[in-house]
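Since the structure is predicted, the reported quantities are computational estimates derived from the model, not experimental observations. Lettering of chains follows the sequences in order, A, B, ..., and the numbering in each one begins at 1.
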Amino acid sequence: MEFGPHLILAILEGLVQASVLTLTALGLSLVFGVMRVVNVAHGEFFMLGAVFAYGVANSIGGAPVVGFVAALIVAPLLVGVLAAAADWLILRRLDHDPERTIVATIGMLYVIQQITLMTYGPDAHPVTPPFNQRIAIPWFEFTDKGLEFYFPWGLSTTSYKLFVVAAAIVAGLGVWLLMARSRLGLILRATQLDRETALAFGIPVQRVYALTFGFGAALAALGAVLVVPIQQAHYLMGGDPLLLSFIVVIIGGLGSLRGTVLAAILIGMSNGIISVFFSPTLAKILATLLVAMVLVYRPQGLFGKKPA
Amino acid sequence: MKPEKRDNVIASRRKVLKGMAAIGAASTMPGLVPFAQAATDQPIRIGFQVHRTGIGAAYGRWYERTTNAVAKYINDNGGINGRPVEIIAEDDGTDPKRGAEVVEKFATQHKADIAFGTLFSHVVIGSAPRAGELKIPYFVVSEGHHVASGMLNRWTLQPGITDVKSQVQAMAPFVAANLGKKVTMIFPDFAFGHDHRDYFSAAIEKQGGNVIAKIAIPPTETSFTKYFAKIPRDTEVLYHVMVGPSVLTFVKEMGEFFGPSRPEIFGFIDSLEAVDLKTPGLEFLEGTYFWEGNPRYAQKNQTEYDRFYRAAVGVDDNGASIDDPRDVSTYAHMWGCWETLNVVKAGMEAANYRGPGDRAALIEAVEAMTDMAEGRDHPQGAKIFNGRTHQVFGHQYISRVNGGRLEVVHRTSIEDTFYPDEVDYTKMSF
Amino acid sequence: MAAVILLSTRGLSRHFGGLRAVENVDFDLPEGEIRALIGPNGAGKTTFVSMLCGRIPASNGQITFAGRDVTRMPAHKRVQMGIAYTFQITSIFDALSVRENVELSVQRCLGADRGQLAAASDALLERVGLLDRAEQVAADMAYGHQRLLEIAMGLGQRPRLLILDEPTQGLSDGEIADFIRLIREVARDTTVLLIEHNIDVVMALAQKITVMNFGAIIAEGTPEEIHANEVVQAAYLGG
Amino acid sequence: MSRALTFHIGAIIVLAVLQFILPVYHSGNLARIMVLAVYAMGYNVMFGYTGLLSLGHAMFFAVGMYGAGLSIRLFDMAAAPAFGIGIIASILFSLGVGLLALRTIGVAFMIVTLMFSQAIYLLILYFNPLTRGDEGFVIPQAVRQVAGFDLSDPTTRYFAALLLFAIALLGMVWLVRSRTGRVLVAIRENEERARMLGYDSWAHKLFAVVLSGTMAGAAGAAYGLLFGSVGASFAEVPFSILPLLYVLLGGPGTVIGPFVGTLFMFYLRDISSSFTDAHLLVAGIVLVLLTMYARRGIMGVVRERWAKWLP
Amino acid sequence: MMLEVRHISAGYGKVQVLHDLSLGVKAGEILCLLGRNGAGKTTLLKTIMGLVRARSGEILLEGVPLNDLPAYKVPRQGVGYIPQGRRLFAELTVAENLQVGLMTRGQGDEVLEHVLTMFPRLRERMDQRAETLSGGEQQMLATARALCLRPRVLLLDEPTEGLQPSMIAMIRAAVVELRAQGVAIILVEQRVEAVLEVADRVIFIENGRNALEATPDDLRANESLVHRYVGV
C-alpha cells in the first residue's frame with residue numbers, strides 16, 4: 001500500500017481503538033481519581049461487558065439492532081451493579097487502602113475470569129453488528145491530467161466502526177457533562193479532592209465510592225459492548241485493555257480525566273501508526289518501557305501538572 | 001433418514017457418558033463390555049493432558065470429546081489386549097509449568113500407562129523432558145515440528161497427526177500451480193507461526209514462487225486491519241494462518257479490508273477453526289482456499305470411516321456438534337486424538353503390553369510401525385509412520401469455499417509431506 | 001567552651017510554592033548549649049529544624065555542622081555525623097517492641113552484637129523509665145510513653161546535637177518534670193535544640209531562646225530578655 | 001544454638017528425611033515446591049521484610065532461568081557455570097531495576113515493576129530466534145550434570161533443591177537477625193524514622209531488591225536445570241502474582257512462611273484439580289479472603305499466638 | 001443544651017486522645033475551647049462530626065444521639081464544621097464549594113443569597129477556583145460554605161490562624177451575628193485575646209480531659225490560668 005492511504009487507514013483504525021480505549025481508561029482513571037485505588041480487575045469488567053452483551057443479544061434474538069441496543073443498555077448496567085457490590089462487600093472493608101486493594105482486585109480478577117470460563121465457556125463468540133457497510137475511501141494522485149481521485153485497494157472502513165467512534169465521543173462528552181455540570185459530578189469531584197471534608201458536608205463517601213467503582217466498571221463494559229461486534233467476547237480478553245488502560249492513565253496523569261482522554265487518543269492512534277513502521281512487538285516493548293520511565297521520572301504523567 | 005440417525009447418535013452419546021462414568025467399575029459389571037480373555041482386568045490408564053482452561057480451552061474441549069469417543073470405540077471393541085481403557089483427564093491450564101506437573105502426576109500418582117493428548121506446542125516442550133525422565137510414553141497431538149526436529153526425547157511421539165512442516169510444504173505445489181507465485185504471508189508472531197513462515201517460504205521457492213512479504217502479528221492482538229495494509233499491491237496469493245480467540249476478527253477484518261477486489265486467498269483452517277463459515281461478514285471467503293487436516297464438511301465422496309467417526313464423536317455433516325449446530329468443532333485437528341489412541345492400542349497389542357514395565361517395548365512397537373491403512377482406526381486417511389523421527393505423515397486436504405461449505409479440491413499424496421530425517425530417536429537409549 | 005559553634009545557618013530559606021515557610025535565617029548554636037526555639041503555630045519552626053536534619057532540602061542558604069557544610073548532605077549522613085531528631089508527631093516503629101525500637105537506634109553505633117545491644121538498650125530504657133515496658137509493642141503504649149520512647153531513640157544515637165520537636169506535648173505534669181531532669185542530664189555532653197510550646201519547660205531548660213514568626217527569627221536572648229520582649233508578646237497574643 | 005535456628009535446621013532435616021518416606025509423586029512435588037519457595041522467599045525479602053510490593057517478580061525468575069538456559073543453548077556451557085551466569089545476570093538485572101524502580105514508591109512502584117516485567121516477557125518473545133519465543137526450549141538431559149550428579153535423577157534433584165532451599169532458608173534466618181535485616185524491617189515500619197536514625201534507606205532498599213531478585217533468579221536458574229525446560233510463561237504476569245499469593249498465605253515477614261504458603265497453594269491446586277478446573281477461582285478467593293481477614297498469613301498467626309520467637 | 005458531649009473517649013488506632021470528656025453548648029452561645037497543641041481539641045470536633053469514632057460516651061443534639069449515625073448524616077442534622085486549615089475543595093470554584101454546603105441539607109438559593117450578603121467579596125469571585133483566593137477570602141469561603149447548610153451548631157477550628165487583623169475582625173463579626181441568630185457555636189482558638197472578646201464560656205482541655213471551665217472575666221482576672229493551660 002502507498003504511504004498516504006496506509007497512513008489514513010492506520011489513523012482510521014487507530015481512531016476506533018482510541019475510542020474504545022478512551023472509555024475503558026476513563027473508567028480506570030475515574031476510580032483512581034476519586035478513590036485513589038488501582039483496580040486490577042478493570043479488564044475483567046471490560047470482559048464481562050462483552051460477555052453480557054453476547055448473552056443479552058443472543059437471548060433477545062430478532063433483528064441484530066434490537067439485541068445490540070439492549071446489550072448497550074443492559075450490559076454496562078449489570079457490570080456496574082456487580083462492581084459496586086464488589087466494592088461494598090470487599091474494598092470497603094479494606095478501607096480502600098491502596099496496596100491491599102490491588103491485591104484484592106487481583107483476586108477478583110481470577111474469580112471473575114474463572115466464573116466466566118465455567119459458565120460462558122472457553123470459546124469466543126461474536127455479536128452481530130446492527131449495521132456494517134464497507135465504506136471505501138478515495139485517495140488522490142497527481143497525473144498528467146492533474147489531480148485525480150481513485151479508490152485504493154484496502155482503503156476503507158465500515159459504518160459500524162464509524163459508529164463506534166461517534167458513540168465513544170458521545171459517551172465521553174456525557175462523562176464530561178456529568179462530571180463538570182451535574183450535582184453527582186460535583187459530589188464526585190468534592191470527594192476526590194478531600195474525602196474527610198466531603199464527609200463533613202454530608203456526602204456519603206462510602207456510597208460514592210461504590211457508585212464510582214460501579215460507574216468506572218460500567219464505562220469499561222460500555223467500551224466492550226461497542227467492541228464486541230468487531231471483536232468477540234472471550235473470557236481472556238480482559239488482559240490487553242487492562243494493560244493499555246494502565247498505560248493511558250499513567251501517561252495521562254493519574255486521576256486526570258482530560259489527560260486520560262488525550263493519552264488514550266495518543267496511545268490508540270500511535271498503536272496503529274507505530275505498527276506501520278516498526279515490529280508491533282517492539283512497539284509494545286517500547287510502550288511498556290516508556291510507561292515505566294514516565295512513572296520513574298515524571299510520576300505526574302506526561303500531561304499531568306507537577307504537584308506543588 | 002436423518003432424524004433417525006440423529007437419534008441413534010444421541011442415544012450412543014448417552015451411552016458414552018454413562019459408559020465413561022462406569023468404566024472404572026466396568027470390570028465388576030459383567031456383561032456390559034466383553035473383556036473376556038484379558039490377562040488382567042485392570043484398565044489401561046491413559047493420562048490425558050487436556051487444555052480445559054487458558055488459551056487452548058476451545059481446542060481442549062473438542063479434544064476431550066474426541067478422546068472420550070475413541071475410548072468408547074476401543075472399549076466397545078474389546079479394549080486393548082482385552083483390557084478396558086480408562087481416561088484420566090487433568091487440566092494443564094495450557095501452561096507449560098502445569099503441563100510438566102500433570103505429566104508427573106500421571107506417571108507417579110495416577111500410575112497411568114501413558115500420557116497423551118497435548119496440543120499446544122509450548123506445553124509439549126515444557127512437559128516432554130519430564131516424560132523422558134519419568135520414562136512414560138508421551139503421545140502428543142500438537143502438529144508441531146518439535147518432535148521430528150529432534151528437540152525432545154525417545155519417550156515423546158506424534159503418531160496421529162502430521163506436523164506443520166509437512167503440512168506447509170505439501171501446500172506449496174498447489175498454491176504455485178493454481179493460485180499464484182507471489183505470496184504474502186500473515187502469521188502469528190510465535191513459534192507456530194515461524195514454522196509456517198520458514199517452511200512455506202522454502203517450499204514455495206522450490207516451486208518457482210516467492211514470498212514477497214511476511215507479516216507477523218503479535219499474540220494477543222485483537223485488531224488486524226493495520227497489518228493488512230502492509231500487504232503489497234502485487235500480491236497474487238495471500239497466505240494466512242492465525243490462532244487464538246481473535247481468529248474470527250482476523251478473518252472478518254480481512255474481508256472488510258479487501259472489499260470487492262481481493263487477491264487469491266489461501267489459509268490454514270486454524271484461522272477459522274471452531275468458527276461457523278456462515279457467520280455474517282465471512283461471505284467474502286467464497287472462492288478462497290483452505291488447508292484442512294480433515295474435511296470439516298462431509299464430502300460427496302465421504303468415506304464410510306469418516307461417517308462412522310463423525311457419528312462417534314457427535315458431529316454433524318457441517319462439522320458442528322449434533323446437540324448444537326452453532327457449536328462448530330475443531331474438526332481439522334481433533335481427529336488426531338482418535339487416531340493417536342488407535343495407534344497406542346495397536347502398539348500395545350503388538351508389544352503385548354501388560355503394564356508400566358513394558359513401556360519401552362511399547363515405544364519400540366510404535367517405532368516399528370510404518371504403514372497405517374485408512375479405516376475406522378484412521379478415518380482421516382492412510383498414514384506412514386517414521387519410527388526414527390517419531391512423526392507420522394499423511395494426506396492433506398485443500399478445500400475451496402463453495403456456497404458456504406468447504407469442498408475438497410485437492411488431496412495431497414503422503415509423499416508430498418516427506419522431508420529428510422532430522423533425528424533418529426531409535427538410536428537414543430531409554 | 002561556649003565559643004565553639006556546633007551548628008550555624010546562613011540565609012537559610014524554604015519555599016513551598018508561593019509560601020515562604022522559612023526566609024533567610026541566620027542562626028548559630030554553640031556547642032553544649034540548650035537552646036529553645038519558640039514561636040506561634042505556623043512560624044516555620046518545624047520546617048527550619050527539618051532542614052537542619054535533612055528531612056527536607058533547603059531552597060536557599062547554607063547549613064554548617066561541626067565545621068562542615070552539610071547543606072546538600074543526605075539526612076542519614078547528617079545523622080551519622082551526630083544530628084539526632086525526634087519528631088513532632090510521634091514517629092516510632094509501631095509494630096515492633098519497645099526494646100526493638102531502641103535497639104534500632106543504638107545498633108548503628110554499636111553494631112549487631114546481641115549482648116551489647118541489649119545492655120545498651122536496657123540502660124536507655126531505664127533512663128527514660130520505660131524498662132518495665134520493654135517487651136510491649138510500641139503502638140500499644142500510651143501517647144506519653146511513646147514520646148519518651150521517641151526521646152530514648154534520640155539518645156540512643158549518642159548525638160552531638162539533639163533536636164527535640166515539641167517533646168512534652170501530651171505529657172502529664174509528672175512526666176514533664178522527669179523530662180526536664182532527663183534533658184539536663186543529657187545536656188552535659190550533648191547540645192540540645194528544643195522546639196517547645198510549654199513555657200515552663202522552656203524557662204526551666206533553655207540557656208537561650210530563639211523566637212520565630214512568619215518564617216524569620218524575630219528575637220533571640222536569655223529567657224529573661226525574651227520574657228520582657230514586647231515583640232514576642234505581640235506575636236504570641238496576636239494583638 | 002537459638003530456638004529459631006534449631007527450628008529451621010530441624011525443618012531442613014525433616015525435609016531431607018521426607019525424601020526417603022514420601023511416595024515418589026509427592027517427593028517430586030516437594031522438590032518443585034522447595035525451588036518455588038526460594039522464589040517466594042526472595043519475594044518476601046522485598047515485600048514481607050522491606051515493605052516493597054512488586055508486581056513483576058517473574059522478571060527476576062525469568063532472567064535467572066534464561067541466563068542459565070541460554071548459556072547452555074547458545075554457548076554449550078555446562079550446568080554449573082550456566083547456573084553461575086544465571087545468578088550473575090540476576091544480580092546485574094535486579095541492580096538495574098532497583099536503581100530505576102526505587103525512585104518511585106507505593107502504587108507507582110507496583111506498576112513500574114509490572115511494566116518492567118511485561119517488557120522482559122515481550123523481549124523474550126521478540127528475540128525468538130535466540131529464545132524460541134513462547135515455546136521455549138529444552139535443556140537436554142545430558143547437560144544437566146553437576147560434578148557427576150545427574151540433576152534429572154529424582155533423588156539428586158530432590159537434594160539439589162533441598163540444598164538451594166536450605167541455603168536460602170538459613171541465609172534468611174541469619175539475615176533477619178542481622179543488623180541489615182533489622183534495618184529492612186525498620187524501613188518497612190517507618191522509612192522516615194529509619195532514615196532519621198542514620199540508616200541509608202535507599203541503599204538498604206536497593207540491597208533488598210538485589211537480594212530478592214537474585215534469590216528469584218537463582219530459583220529460576222535452578223528450576224530450568226532441575227526440570228529441564230525454559231519457557232516464556234515463567235515471565236508472564238500471573239507468574240509474578242504467585243509469590244505474592246504464596247507469601248501472603250504463608251505469612252509475610254516470616255522466614256518459613258513463604259515455604260508454607262507455597263506448599264499450601266501447590267497442594268490446594270493439585271488436589272482441587274481432581275474435581276474441578278477452577279483452581280484459579282480458589283486462588284482468587286484465597287487472595288481476597290487473605291487481604292480481608294488474615295493479613296498476617298499462616299505463620300504470622302502462629303508467631304502471634306504460639307511462637308513469638310519465630311523470625 | 002443544643003449540643004451535649006457526655007463522657008467521650010476517642011482516638012486514632014491504638015492511641016487514645018480523648019478521655020472521658022464532657023461539655024455542652026446552648027443555642028445562642030459561644031463556647032471556646034483552649035488548650036495546648038495536641039490537647040485533643042481538633043479530635044473533639046472531629047469526634048462530634050463523626051469523622052473520628054467515639055469509643056464510649058454520647059454526643060447529643062437536642063437530646064438526640066449523634067454518635068450512632070454514620071458520619072455523613074451528622075452534618076445533615078444541622079452541624080456545620082469549619083475545619084482547621086479551611087480544607088476547601090481547592091480545585092472547585094467558589095460557587096461549587098458553596099453548592100456542596102447547600103446540598104448537605106437541601107438548602108436553596110435564598111440561603112445562598114443570605115450567605116453572600118454576609119460575605120459580599122465572595123460574590124465577585126464565584127467562578128474563581130478556591131485555591132486562587134487569598135487567605136482571608138478562603139476563610140470567608142470556608143465559613144460561608146458551612147453556613148450554607150444553615151447550621152444549628154457550628155464548629156470552628158482555629159478560624160483566625162494566619163489571618164491579618166481586618167480579616168479576623170470580619171470572621172469575629174460573623175460569629176457574633178450567628179450567635180444572635182441562635183446558633184450554638186464551639187470555637188477552638190489559640191489566641192487567647194480573640195477568645196476573650198467573643199466567648200460566653202471557656203473550657204480548657206488538657207491531655208484529652210476537661211481541665212477547667214471559666215468565664216472570660218475569670219481569665220482576665222487571673223492571667224496565670226491562661227499561662228498554665230495554654231503555655232504562653
key: Side chain / backbone / both / neither for A:P241 at chain B, heavy atoms under 4.5 Å   = neither
message = Is B:I55 close to chain A through its backbone or its side chain, or both, or neither, when contacts mean heavy atoms under 4.5 Å?
response = both
key: Flag for B:H196-B:Y239: side-chain donor and acceptor within less than 3.5 Å   = yes
query = Hey, are B:N318 and B:R405 close enough side-chain-wise for a donor-acceptor pair under 3.5 Å?
reply = yes
task = Kindly state whether the ring of B:F116 and the ring of B:F48 have centres lying under 6.0 angstrom apart.
result = yes
key: A:V227 vs B:T222, side chain to side chain contact (heavy atoms under 4.5 Å, CB included): CA-CA, chis, key distance, verdict   = CA-CA 10 Å; A:V227 92; B:T222 50; over 6 Å; no
key: Segment of A:Q113 engaging chain B (4.5 angstrom heavy-atom cut-off)   = neither
query = Is there a donor-acceptor contact under 3.5 Å linking the side chains of A:H234 and A:D123?
reply = no
Per-residue contact mode, B:S246 against chain A (heavy atom under 4.5 angstrom) = backbone
ask   = With a 4.5 angstrom heavy-atom cut-off, which part of A:I230 approaches chain B: side chain, backbone, both or neither?
value = both
key: Interchain contact, B:P245 with chain A, by part (heavy-atom threshold 4.5 Å)   = both
query = Where does B:F228 contact chain A at under 4.5 Å (heavy atoms): side chain, backbone, both or neither?
reply = neither
Which portion of B:R326 sits near chain A, non-hydrogen atoms under 4.5 angstrom = side chain
ask   = Between B:R310 and B:Y331, is NZ or CZ placed under 6.0 angstrom from the six-membered ring centre and within 45° of the ring axis?
value = yes
